[in-house]
Chemist: 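Quick one: this structure, given as structure tokens, is what I'll be asking you about.
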Amino acid sequence: MMKKEWWHGKTAYQIYPKSFYDSNHDGIGDIRGIVEKLDYLKELGIDLIWISPVYLSPCADQGYDISDYYQIDPVFGTMEDMDQLLEEAKKRGIGVVMDLVVNHCSDEHEWFKKACEDPEGEYGKYFYLEKKRDGKLPCNWRSYFGGPVWEPMPNSDWYYLHVFHKKQPDLNWENPVVRERIYEMINFWLDKGLAGFRIDAIINIKKPQMFRDYPADREDQLCDMGTVLADTTGIGDFLREMRDRTFRPHGAFSVGEVFNAKDGELADFAGEDGYFSSIFDFRQTVEGKSVDGWYRARIPSPDDYKRCCFESQREMEGVGFYSNIIENHDEPRGVSHYLPEEARNEKGKKLLAALYFMLKGLPFIYQGQELGMENKIYTAIDQVDDISSRDEYQVCLNAGLSPKEAMEVVSRYSRDNARTPFQWSDQRHAGFTKGEPWLKVNENYKEINLEKQLGDPDSVFSFYQQLIRLRKDPKYQDTIIYGKTVPILEEELGIMAYFRQGEGQKLLVAGNFGSERRRLPINGINGKKCKVLLSNDKNAEAEEGVLILEGLQVVVAEM
Ligand code: NOJ
């Protein structure tokens, strides 16, 4: 029997502060904007919020490049605002989870500035500094945002390593002083009363023993960081130490952004005694991606989606809890990515919502997902802010795509799809700001906005509200949190169905991605005995041993 933890039954919500709500109308969302909307989140049913970084940052990568971990960036507000957010959230029973970005800092962080002044001094050891060997860079790794991971330090023959943007120098975790300073900082925030942290890019903190070349996988003669990480061992020592020095003594929740965990390591990362409380399930987000770049990616079909979810559920069973998502600030909008075109309507959005939300694990809702917000259409690269999209655009052009074709690719995968302002109403700029928003609002805000959905019992918003209520219903809570996921009808194309098997209780979750009515043989089902708890269709029919699903229908039922 799994040890129960305070966070197991929560429903989490990710806020991208820059695009959530702009309280001072300078075009950029802020912490006070979050405070103003706490009642809204409460109404939705949220009890944990993860806020993307609000620390001092030159914003080369939207705050994931931190120049002072102890300060709030003035564009987002002040430390007093942050304290107020913690206080107001607490009053409403909402825990605040901050983003922990410690694989790298900003090249404008004091540590890096000091390292540049004296690469061979104390602060030089805070980073990975190397010199060219025989005129060649130390190794051929490609940074996630393109180009080599090595960048020269100003006025010096030293090079520093950055696996992300060149304005994000990697911190040297091998240096115990660096680790101490990181733990000190984490504890500073936890002492303020944070519920925990989402831990950014953490799998990158351990580098292989040697900076050596790996086989090149593109014409740039560089190799993907995935290859490098696959060849790296020993990250556990750092992660265990961090947990024991910070999260564990505070009883804090931690969720790791863990890509590329190795087979057999799941329990180390997310088991009862794991480094983190939970890790995100990214299996479906990486499905179809290619090391060649976005232009070679394949969009997952509903059956791919189902397979990914079930693989993850099976591997995590008895181990711990995944944090489940359909989107975040780095991914396209889930409804635009996983739903076939003809299913991108309110009914289809509810279908996807129920299928992922009822899986075992901690559901995370990304801001706007609860309204069914969609990808934006980008037609020219200057409409896009995201650095990763700009790199991928270039990769497309280098591969011979026309600018128009390149934009089609970028538009599909751009991180800016999820970063457009939250659509509060049909007012100018969707009610997000009275100023000029830093990133343009999606043109569809007149149709898709909160105001329109709030009082409507059939809206996507209301459906999410019902899902959350169901998760909290004392009658079903235990099964929804702890019940085993038992996939059924796996071979049925376009159908995703599973049981959640609790103690003396069994829930059925079944959805039809197609537009045709389907008759599904399900053992033990019977029109009279089965109690529909939730559906996106007025009628939910069953006969002896058969469940009938209309096109795009989803049903959650008690067997
Ligand atoms: C993952 C974050 O989610 C992403 O937005 C960021 O660019 C990288 N890590 C680097 O911090």
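Just follow the structure's listing: the first ligand is 1, and inside any ligand the first atom is 1. All figures in this text were calculated on a predicted structure; none of them were measured in a lab.
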Chemist: Could you see which bit of E331 sits under 4.0 Å from ligand 1, with heavy atoms only: side chain, backbone, both or neither?
Modeler: neither
Chemist: Please state which protein non-hydrogen atom is closest to atom 8 (C) of ligand 1 and give its distance, to 0.1 Å?
Modeler: F164 CE2, 3.7 Å
Chemist: Using heavy atoms and a threshold below 4.0 Å, how should the contact between H329 and ligand 1 be classified: side chain, backbone, both, or neither?
Modeler: side chain
Chemist: Numbering the atoms of ligand 1 from 1, which are under 4.0 Å from a heavy atom of R415?
Modeler: 4 (C), 5 (O), 6 (C), 7 (O)
Chemist: Among F280, Y322, Y275, F321, which one satisfies ring-ring contact (aromatic ring centres under 6.0 Å, His included) with F269?
Modeler: Y275
Chemist: Counting only heavy atoms closer than 4.0 Å, does ligand 1 sit against the backbone of F145, its side chain, both, or neither?
Modeler: side chain
Chemist: Is the cationic atom of K207 (NZ for Lys, CZ for Arg) positioned less than 6.0 Å from the six-membered ring centroid of W141 and within 45 degrees of its normal?
Modeler: no
Chemist: So, Y160 versus F112, ring centres under 6.0 angstrom or not?
Modeler: yes
Chemist: At less than 4.0 angstrom from any non-hydrogen atom of R419, what atoms of ligand 1 do you find?
Modeler: 5 (O)
Chemist: Where's the contact between H165 and ligand 1, heavy-atom distance under 4.0 Å: side chain, backbone, both or neither?
Modeler: neither
Chemist: When you measure from atom 9 (N) of ligand 1 to every protein heavy atom, which one gives the shortest distance, and what is it?
Modeler: D200 OD1, 2.8 Å
Chemist: Would you mind checking which non-hydrogen protein atom is closest to atom 7 (O) of ligand 1, with the distance to 0.1 Å?
Modeler: D61 OD2, 2.4 Å
Chemist: Given Q14, which of H329, R198, Q369 fulfils the side chain to side chain contact (heavy atoms under 4.5 Å, CB included) condition?
Modeler: H329
Chemist: What is the nearest protein non-hydrogen atom to atom 5 (O) of ligand 1, stated with its residue, atom name and distance?
Modeler: D330 OD1, 2.7 Å
Chemist: Answer yes or no: is there a side-chain heavy-atom contact under 4.5 Å between F282 and V258?
Modeler: no
Chemist: Any atoms of ligand 1 less than 4.0 Å from a non-hydrogen atom of E257? List them with their elements.
Modeler: 1 (C), 3 (O), 9 (N)
Chemist: Is the H165 to Y64 ring centre distance short of 6.0 Å?
Modeler: no
Chemist: Can you spot which of W50, F253, F364 makes a ring-ring contact (aromatic ring centres under 6.0 Å, His included) with W7?
Modeler: F253
Chemist: If the cut-off is 4.0 Å to any non-hydrogen atom of H104, which atoms of ligand 1 fall inside it?
Modeler: 10 (C), 11 (O)
Chemist: Taking the side chain as every heavy atom from C-beta outward, state whether N442 and I448 have any atom pair closer than 4.5 Å.
Modeler: no
